[in-house]
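Labels below follow one simple rule: chain letters A, B, ... track the order of the sequence lines, proteins then strands, and each chain is numbered from 1.
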Amino acid sequence: MEAVNQRAKELLEKGEIKAVLGYAKGTGHVRRPHFARKAGQVDQLVLDAACLQNLAVYVTKHEVKKLGKVAVIALPATQRAILQLMAERQLRDGELVILAVDGEAVKELDSAAALEEHLALKAQGLDAKDKALLAELDAMSREQRWVYWQNELSRCMKCYACRNSCPMCYCGTCTMDCNRPQWVPVASHGIGNLEYHAVRTMHLAGRCVECGECGRACPVGIPVHLLTFAAEESIHEQFGQRAGAKAKLDYALSTFKTDDKESFIR
Amino acid sequence: MANTYNLSHESLNSLFGALRKDGRRIMAPVEAGGRTELAEVETPAQVASDYLQTILSAKEVAFPKVERLLSYTIAPGQVDLKDTEPKAVPTVLFGVRPCEAKAFGALDAVFNWDYRDKFFNARIEQLAVIGLSCTKADEACFCTSVGGGPADATGSDILLTPKEGGYLAEVCTEKGAAILNLAPDLFKPGNGVDKAAITAKVEQAFDQPALTTKLPGIFESEVWTDQALRCIGCGACAFVCPTCVCFDIQEEADPKKGERLRCWDSCGFHLFTLHASGHNPREVQGARWRQRVYHKFSYYPERYDMLGCVGCGKCTRACPVDMNLKEHLIEAAGVKA
Amino acid sequence: MSRIGVFTCHCGENIGATVDCVKVAEMCKDIPGVVHSVEYKYMCSDPGQRQMQEAIKEHQLDGVVVAACSPRMHEPTFRRAAGDAGINPYMCEMANLREHCSWVHEKGDATTQKAADLIRVLVEKVKHNEPLHPIKVPVTRTAMVIGGGVGGIQVALDIANGGHKVVLVEKSPSIGGHMSQLSETFPTLDCSQCILTPRMVEAAQHPNITLMTYSEVEKVDGFIGNFKVTVRKKARKLDEKLCTGCGLCIQKCPNKKISDEFNEGLGTRTAIYVPFPQAVPNKPVIDLQNCTYYKTGKCKVCEKMCPTNAIRFDQEDELVTLDIGAIVLATGFKLMKTDAFPEYGYGKHKDIIDGMQFERLASASGPTSGVMKRPSDGKEPETVVFIACSGSRDRAKGVPYCSKICCMYTAKHAMLYKHKVHSGKAYVFYMDIRAAGKDYDEFVRRAIEEDEVKYIRGRVSKIYEEDGKLIVMGADTLMGGEPVVIKADMVVLATAVQSNDRSEELAQTLHVSYDSYGFFAEAHPKLRPVETNTAGIFLAGACQAPRDIPETVAQASGAAAKVVGLFSNDELTREPIVAVVNRQAAPVYSTCVGCFLCQGACPYQAIEQEEIKARSGEVIMTLARINPGLCQGCGTCVATCRTKAIDLQGFSNEQIYAELMTL
Amino acid sequence: MDEKFEPKITAFVCNWCTYAGADLTGTSRIKYQSNVRVLRVPCTGRIDYMMVLKALHKGADGVIVSGCHPNDCHYTSGNYHARRRWMVFKKMMEVMGVDMRRITFSWVSAAEGARWAQLVNEVTDQVRALGPYAEFRQIIGAGIE
């Protein structure tokens, strides 16, 4: 951490960046995202196991872009999200300083190519807990899954914490906000919730970097991340593609193979 | 009119029975999958035994997240409009915290300001609140800074305060008295308990009158933008808030029929103030965050002579990025108590 | 509120017998927005159409639903009629009461109800229709023909004679293609070069044709009428303007032992060379792989010898970008090589040759000057075995399709051999004889009956060498599968016709589709055989599938007619069923976020970038833009777009949503 | 279950293959059950999964999505993109517990008039046997006070 902070301070002092985006102490034991805008504020930055949020959610916001060049203290999930954002042309090379943190090591990167190379060295996968949850879901009968999700989703009130905390949900006008026509109802009733989460999942399928931020953000504890994880894992299985791994866009849903499996098609 | 009684743990069972016999639904905090949620219960055993607060506030019993206002069918040449009669079930809200009980006053201020909202009032009329004083608090709590307290009886028809062997019951309103009268034997005369000694210590964190005075002068301050850099613009804070009343009217229709729904909304959403022209008077998240603060601490006092915040801290707990309201108010206005 | 008219057609008895049209028309009056609903015996008839037109005027209709047959049948008819009556043609929709209802269901209430439902859906759609206007695209009246074989030459000449400019691009140093390598042609046995070379010269001298030989297409941008094609002119290392084609450099080149492509490896050439004496243009090219100077840095004999100082060792490839209105692909084919056949010795026997090599052996301009000599020792072969279907119709090891030309050229080869070696014996192993064509079967019969070529119906399982002979082991299936062993001096394999090298790469460059064998795909196998699915790109000859010369030439003229037709207008009119990216007032500009995930989903590369700039010139955002010239209106991008920023005119989200809401 | 239950089937078909195929069914006078309502789109690539969900929302008991066979797409590759989208959508629906026996994906070419009739009959019979999609209907209106 000291090395990261030292470097961040240097960059700020030299005026190469306008802010450092990292984590700071929050309420109780919570860690919160934090923008250090002056060299003196860098010491407030902390980095420990309680730092969880995917900070990439901030780098596409116009409020943040307006600050000028920002350095991001990027844990692996943040790195993947930034790379995917670059592939989706939401960030240019050199627009950010990425202080890639993996355990003790820190690397300073600023391009998609460098990120891709850096990420290639690491295996991406779900943690044991989420794997177990997905397996549990998988083991249920179809009817049980329906009941499970209807039960979970009944709590959804469409606060959109899952959407807004997701680094890949950067659209200026979300499809939920499109009302001509209103494909997905605004109300958080049964069908409205089902359709919202189906659309959210489909929109993230092939783009989800599996950080799990959506699930963490949900104030009412709906494991919405399992939906995007299931979609992403299935895409990886079926097409071999993974979001957040390539500098060049490799989107599973705008590519195809002529021999994609179609046993389900009559 | 507060009269104080003692209510034993054991007598709660009978009280619940009496309430249900009277045709009332009992809503209380329950444990569900590691969360504390408000749900219908039949016996006190179902009520969560040890909880700080529910995630969502109790407002949904009077102001549900989606409610039907009217519906219609379209037949050739005519539209048959059907008013919806609010489904107001006699309800006892059991075990809500004093902050949330107090919050019904803030809701009432809006729903009965210029127009008396039929739906809200129908539900409130059928609602009785049995509050439960707090014996613990966390860092998000700040009721004492906004005129409340862990044992504040405002808004409760009966306020229970835990004590050895049961509760001290303060019957505060006529609705409370009506409950007492359902099972008068259960309420044993009693008093003299030092509530302050039993209940949680919540230090006053800031000087609210000073804050309210200061706010108009710091509207243009950079501090709101700075604080809101972290805000991701979701509606979690507003949806868990016991006093947030903003709603959106949605019409769901096809060529044969339709209905008009009222749904929770949040001023934190970018869409909230977006004009059809594309112009957005609250263009940046800082402006939206500021609106939330000002609405509660400046506009509410101006218009209703009360605060739009009860210091429950639900927003802070629900926030995915830890926007701590208390901390940010102090930082913005320099009004540390 | 919309003012919609519904016109229900009985189609005589076709609809009326099953659907209660009167009741349907009555039911439709109750649909909100419908102000006029009638039924009529034949809506498509003249009085039917007139009735609709009068109703449009009388009732001030702003939308029309014609409930009749399939829109695939009469949509243009009714749209035109609606347009003539003064409303936008695209405000007219058709409900398919015939093919999708009356013809497939029994008479009854359910069927009548379905008919009314189908109309209701379309009425809701029409309420959300927007007036659309045909898209006009300007046309550059210059065609590019890729491939300078007989097909390409024919296309070029036909277009040029039609009065339009043509750029003929050929990758090798000379035009002429495979036909220039042939000795004689079936079924007339006239000399191939004698009929082709005048055409080559005509093409070269035509004022409307620009030849670009030794050139390849690198990049194609744009769309029908407006392509931008980048061509790589490979360096000949020669100033073509100065070169007179005297050939002195070729004579003096010291490196003479290079395998000659034109003679299919049966002869040799020099490092500076023209492919064949009648080459057009008759200008040499230096083969960089084999030139002594490029290998060792010393030599330059040609430069010293050249009387006009035309040699340019420092010449580089040149990239030329051209404005082109239409492109014709005529890139031809290649033959499978003899080394593809393990049972025939993997091509290691010199005397097992392919059909094209035989052509060179038989050709008067070939390495043997037309004298039959087998490649290994130059002896006259006394027995020659021809094997048809070598690799063709072979699902296991070759290609499953029929190569089409082999039956004919094998007969021709056998005949040519017999004409040259009267005492020789010619055997043909075949699977079936496919000689469908004018005078084709007669030609084969002549080989069998007059020239005594022995046809054996069966496959050859093995060829091996023994005492200077090739032992051909086959079977005669017409004799009950009896084994046949022939000691041959030479074997000619009629190897399969395959798509040309790098044809898939070229297809990708041009964004045209191709089949699994690399042949370019036509837009419709029957009705649009010379068009590709990419508007403005056409096909001629064997690049599409195996073809013989008459077919290639016919198709070439067909493609040319398409191009000339296209060029007969100043601008093109296209259906406005295209996708559009929404635009809004500042500061939103569009709901498009510029992620460009749609680009990959577009089969036509129609999605471009557009920069929104501030007055200062600063780029505010980069958005997607659909090129209406390229877009074909499939709507794949629409379903891909997360923010619903793209919509498809004629099948918009609003329209489809409205249709769904009626269900 | 209602004895007279007749399922509502909504079909999304592409203009060039399945719609044309269904036209051929008509021209060939092959009869099939009248439960299906066809919505025409240019290409399967145009079919947004929201259309399928909306069809279910509006009370369809079964949905058919059909287009050109692989390699036959009028637009070259719209059906390939659609196929991928369906693969992911199907997986999603399965994870969410939607009854995929009610959503049928198929290829029906312009030449397969008989196949269209057969498909519609099979789907109609299957969905009739399954009964109304009650599970899905239950969530419509649920959560509204």
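A donor-acceptor pair under 3.5 Å is formed between the side chain of A:Asp93 and the backbone N or O of A:Ala112.
Across C:Asn653, C:Ile656, C:Thr643, the residue that shares the most heavy-atom pairs under 4.5 angstrom with chain A is C:Asn653.
Within the 6.0 Å centre-distance limit, the rings of C:Tyr517 and C:Tyr401 are counted as a close aromatic pair. Aromatic pair C:Phe333/C:Phe519: centroids not less than 6.0 angstrom apart. Between C:Tyr604 and C:Phe223, the gap from one ring centroid to the other reaches at least 6.0 Å.
For C:Gln609, the part lying under 4.5 angstrom from a heavy atom of chain A is the side chain only. A:Cys178 touches chain C through its side chain: at least one heavy atom from C-beta onward sits under 4.5 Å away, while N, CA, C and O do not.
Side chains of A:Gln84 and A:Glu88: a donor-acceptor N/O pair is present below 3.5 angstrom, by distance only. Checked by atom type, the side-chain pair A:Ser234/A:Glu237 shows no donor-acceptor distance below 3.5 Å. Side-chain atoms of C:Gln544 and C:Glu522 include a donor-acceptor pair closer than 3.5 Å. In this structure, a donor-acceptor pair under 3.5 Å is absent between the side chains of A:Gln241 and A:His236.
The distance from the NE2 atom of A:His225 to the OG atom of A:Ser165 is 11.5 Å, given to the nearest 0.5 Å.
Atom NZ of A:Lys61 has more than 12 neighbouring heavy atoms from other residues, nucleotides or ligands inside a 6.0 Å radius. Within 6.0 Å of atom NZ in A:Lys261, 12 or fewer heavy atoms from other residues, nucleotides or ligands are found, so the atom counts as exposed in its surroundings.
Contacts from residues 623-636 of chain C to chain A, taken as heavy-atom pairs separated by less than 4.5 Å, involve no residues at all. Residues of residues 497-505 of chain C lying under 4.5 angstrom from chain A, judged on non-hydrogen atoms, do not exist.
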